[in-house]
Amino acid sequence: MKKFLLGLASTLALTSASLAQEAPEEITIGYLNLVNAQLVTKNLGLVQKQMPGVKINYIKVGGGGDMLRAIAAEQVDFGGLGNPPTAIGVARGLPIKGTMVLNMLDYVEAMVVRTDKDIQSFKDLEGKTIAAPFGSTTHYLLLQALANEGIDPASMKILDLRPNDIAVAWARGDVDAAWYWEPNLDKAVKDGGNIFMTSGIMEKRGYPTWDVGVVMIEFAEKYPEYVEKFISAECEGIDYWIDNPKETAAIIAEELELPLEDATRMMRGTEMVPCDKQLTGQYMGTEAAAGGFVDTLMATSEFLVSQDRLPEAPSRAIFEDFLESTWLQNVVDAK
């Protein structure tokens with residue numbers, strides 16, 4: 001009996017040690033320098049709260065193209081992508097799953113034009129120099145808007161620049177127009193710029209843009225509970241944004257080094273979607289019924305193919321498989 005008890009104790013100890021090893025030593029979160037609730041989650045340490053004892057690393061990423069490169073290089077465990085870079089990443093077979101809605105984009109992203117260039121229509125962009133981060137939501141919307149107007153992108157010079165670099169190029173007078181996002185967008189507006197088009201207007205025309213959270217498949221397979229912990233932290237950040245606008249504005253101002261009034265205004269240009277609502281047909285949907293995000297990814301990828309940005313559009317089944325709502329559903333059910 002004594003040998004049995006000793007053996008049982010040994011087995012339990014080994015099992016406990018095995019379970020203890022299921023926690024990652026550290027995780028790396030790639031986040032976009034954008035006005036959204038991820039800044040709240042980061043500032044309040046909500047991921048750390050969910051994962052005590054795990055080292056949490058945050059790395060700031062310039063845009064969708066940079067995030068795709070970070071994912072391809074396995075530099076992040078979690079990241080965020082707009083629908084165009086998501087379509088590109090899935091088409092390239094990057095090992096990621098979509099986990100949740102980070103934000104819906106309105107006038108936090110917009111095209112700014114120089115007031116002294118008298119740009120009144122997209123036709124007026126011909127012969128001009130325009131900047132946008134390639135592979136981003138704004139680059140996609142620029143190409144979509146030009147296509148809708150029957151304008152050849154080759155009739156203008158389109159530069160691939162990160163938001164920070166666009167701000168520098170604008171200050172030097174190197175570009176006539178740019179489609180990018182806050183907080184750098186505001187610098188151009190205050191320096192002889194005028195908002196010509198916004199992502200919100202393009203959504204009303206049938207071209208919604210959003211950012212979706214992604215996780216590396218290898219991480220998710222090894223640490224599924226920690227995917228849920230991460231989503232739970234982000235959902236808490238979204239709830240805080242919605243319930244505490246004044247405090248959130250102060251956090252955004254701190255994180256992006258902005259005046260409080262600018263942070264408050266920029267927040268209105270980004271929509272945060274409560275996590276239970278994300279499981280409805282308009283957004284992620286559920287495992288049983290895919291939501292509207294699949295339709296958006298299909299339309300986005302087909303357009304990118306037409307623009308020679310993708311060789312082939314992934315099938316609907318591939319996009320449905322990419323969006324994994326089970327973790328989010330578990331988090332919502334546990335509330």
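Each residue takes its place number in the sequence, starting with 1.
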Inset, instruction - Check step by step if side-chain contact (heavy atoms from CB on, under 4.5 Å) holds for Asp174 and Thr129. - result: CA-CA 8 Å; Asp174 294 343; Thr129 300; over 6 Å; no

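- Sorted by first and then second residue, the disulfide (SG to SG under 2.5 Å) pairs with a member in residues 110-167 form an empty list; sequence neighbours excluded.
- Looking at Ile27 and Ile56, their side chains come closer than 4.5 Å, going by heavy atoms from C-beta outward.
- With hydrogens and angles disregarded, a donor-acceptor distance shorter than 3.5 Å links the side chain of Asp211 to the backbone of Gly82.
- One N or O on the side chain of Thr138 and one on the backbone of Trp179 form a donor-acceptor pair closer than 3.5 Å.
- Shown here is Gln307, whose CD atom has more than 12 heavy atoms of other residues, nucleotides or ligands within 6.0 Å.
- For the pair Leu146/Ser155, no side-chain contact is recorded, criterion being any heavy-atom separation below 4.5 Å from C-beta on.
- Checked options Glu234, Gln50, Lys49; the residue passing with Thr41 is Glu234 (criterion: side chain to side chain donor-acceptor pair (under 3.5 Å)).
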Inset, instruction - Output, in order, the C-alpha distance, side-chain angles, deciding distance and verdict of side-chain contact (heavy atoms from CB on, under 4.5 Å) for Met111 and Leu125. - result: CA-CA 12 Å; Met111 175 185 276; Leu125 292 174; 4.0 Å; yes

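- With respect to Asp124 and Lys128, no salt bridge is recorded, no charged nitrogen being found less than 4.0 Å from a carboxylate O.
- Sorted by first and then second residue, the disulfide (SG to SG under 2.5 Å) pairs with a member in residues 240-335 read Cys235-Cys275; sequence neighbours excluded.
- Shown here for Leu39 and Tyr31, the closest heavy-atom pair between the two residues is CD2-CE1, 3.8 Å.
- A salt bridge links Arg316 and Glu320; the closest N-O separation between the charged side-chain nitrogens and carboxylate oxygens is under 4.0 Å.
- A donor-acceptor pair is defined here as one N or O able to donate and one able to accept, closer than 3.5 Å; such a pair exists between the side chain of Gln278 and the backbone of Val273.
- Ala23 and Tyr223 get closest at one heavy-atom pair: C-CE2, 3.8 Å.
- Within the 4.5 Å cutoff, the side chain of Ser199 has heavy atoms near those of the Leu141 side chain.
- Here the CD atom belonging to Glu236 is positioned 4.5 Å from the CG atom belonging to Leu46, to the nearest 0.5 angstrom.
- Two different hydrophobic clusters hold Tyr140 and Tyr107 under the rule that ILVMFWY side chains link at heavy-atom gaps under 4.5 Å.
- No donor-acceptor pair closer than 3.5 Å links the side chain of Ser232 to the backbone N or O of Glu228.
- The shortest heavy-atom contact between Ile119 and Asp176 is CD1-O, 4.1 Å.
- Under a cutoff of 6.0 Å and an axis angle of 45°, Arg309 and Phe134 form a cation-pi pair.
- Between Trp181 and Gly62, the closest heavy-atom pair is CZ2-O, 3.2 Å.
- Under the 3.5 Å distance criterion, the side-chain polar atoms of Asn194 are left unmatched by any main-chain donor or acceptor of Val113.
- Glu302 places no side-chain N or O within 3.5 Å of a backbone atom of Glu312 that could act as its donor or acceptor partner.
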Inset, instruction - Could you go through the side-chain contact (heavy atoms from CB on, under 4.5 Å) check for Val112 and Trp170 one step at a time? - result: CA-CA 10 Å; Val112 59; Trp170 185 277; 4.0 Å; yes

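- Tyr180 is connected to Ile195 through a chain of hydrophobic side-chain contacts under 4.5 Å among Ile, Leu, Val, Met, Phe, Trp and Tyr, so both are in one cluster.
- When the shell of 6.0 Å around NZ of Lys246 is examined, it contains 12 or fewer heavy atoms from other residues, nucleotides or ligands.
- Aromatic rings of Phe122 and Phe196 (six-membered ring for Trp) have centroids within the 6.0 Å cut-off, being under it.
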Inset, instruction - For Asn83 and Thr300, run side-chain hydrogen bond (donor to acceptor under 3.5 Å, both in side chains): C-alpha distance rounded to whole Å, both residues' side-chain angles, the deciding distance at 0.1 Å, then the answer. - result: CA-CA 7 Å; Asn83 45 302; Thr300 303; 3.2 Å; yes

Under 3.5 Å, which donor-acceptor pairs do the side chains of residues 67-78 form with other protein atoms, sequence neighbours left out?
residue	atom	partner	partner atom	Å
Arg69	NH2	Asp66	OD1	2.6
Asp77	OD2	Thr28	N	2.8

Kindly list each side-chain donor-acceptor pair under 3.5 angstrom involving residues 249-259, sequence neighbours excluded, with atom names and distances?
residue	atom	partner	partner atom	Å
Glu255	OE1	Lys42	NZ	2.9
Glu255	OE2	Asn43	ND2	3.0

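- A donor-acceptor pair under 3.5 Å is formed between the side chain of Ser306 and the backbone N or O of Phe303.
- Side-chain atoms of Asn244 come within 3.5 Å of backbone atoms of Tyr240 as a donor-acceptor pair (strictly under, hydrogens ignored).
- The shortest distance between side-chain heavy atoms of Phe319 and Asp295 does not fall below 4.5 Å.
- For residues 268-280, no residue pair satisfies the salt bridge (charged side-chain N to carboxylate O under 4.0 Å, His left out) rule, not counting sequence neighbours.
- Shortest non-hydrogen contact noted between Tyr226 and Glu22 is CE1-O, 4.1 Å.
- Taking both residues in full, the closest heavy atoms of Ile318 and Val90 are given as CG2-CG1, 3.5 Å, listed atom of the first, atom of the second, then distance.
- Glu287 meets the side-chain hydrogen bond (donor to acceptor under 3.5 Å, both in side chains) test with Ser325; sequence neighbours excluded.
- Remark: of the listed residues Val101, Ile238, Val40, Ile238 is the sole one forming a side-chain contact (heavy atoms from CB on, under 4.5 Å) with Met272.
- For the pair Glu182 (side chain) and Asp186 (backbone), a donor-acceptor distance under 3.5 Å is present.
- When only modelled atom types and interatomic distance are considered, Glu109 and Thr209 share no side-chain donor-acceptor pair under 3.5 Å.
- Under the 3.5 Å distance criterion, the side-chain polar atoms of Thr270 are matched with a main-chain donor or acceptor of Val35.
- Annotation: Arg162, atom CZ; neighbour count of heavy atoms from other residues, nucleotides and ligands within 6.0 Å does not exceed 12.
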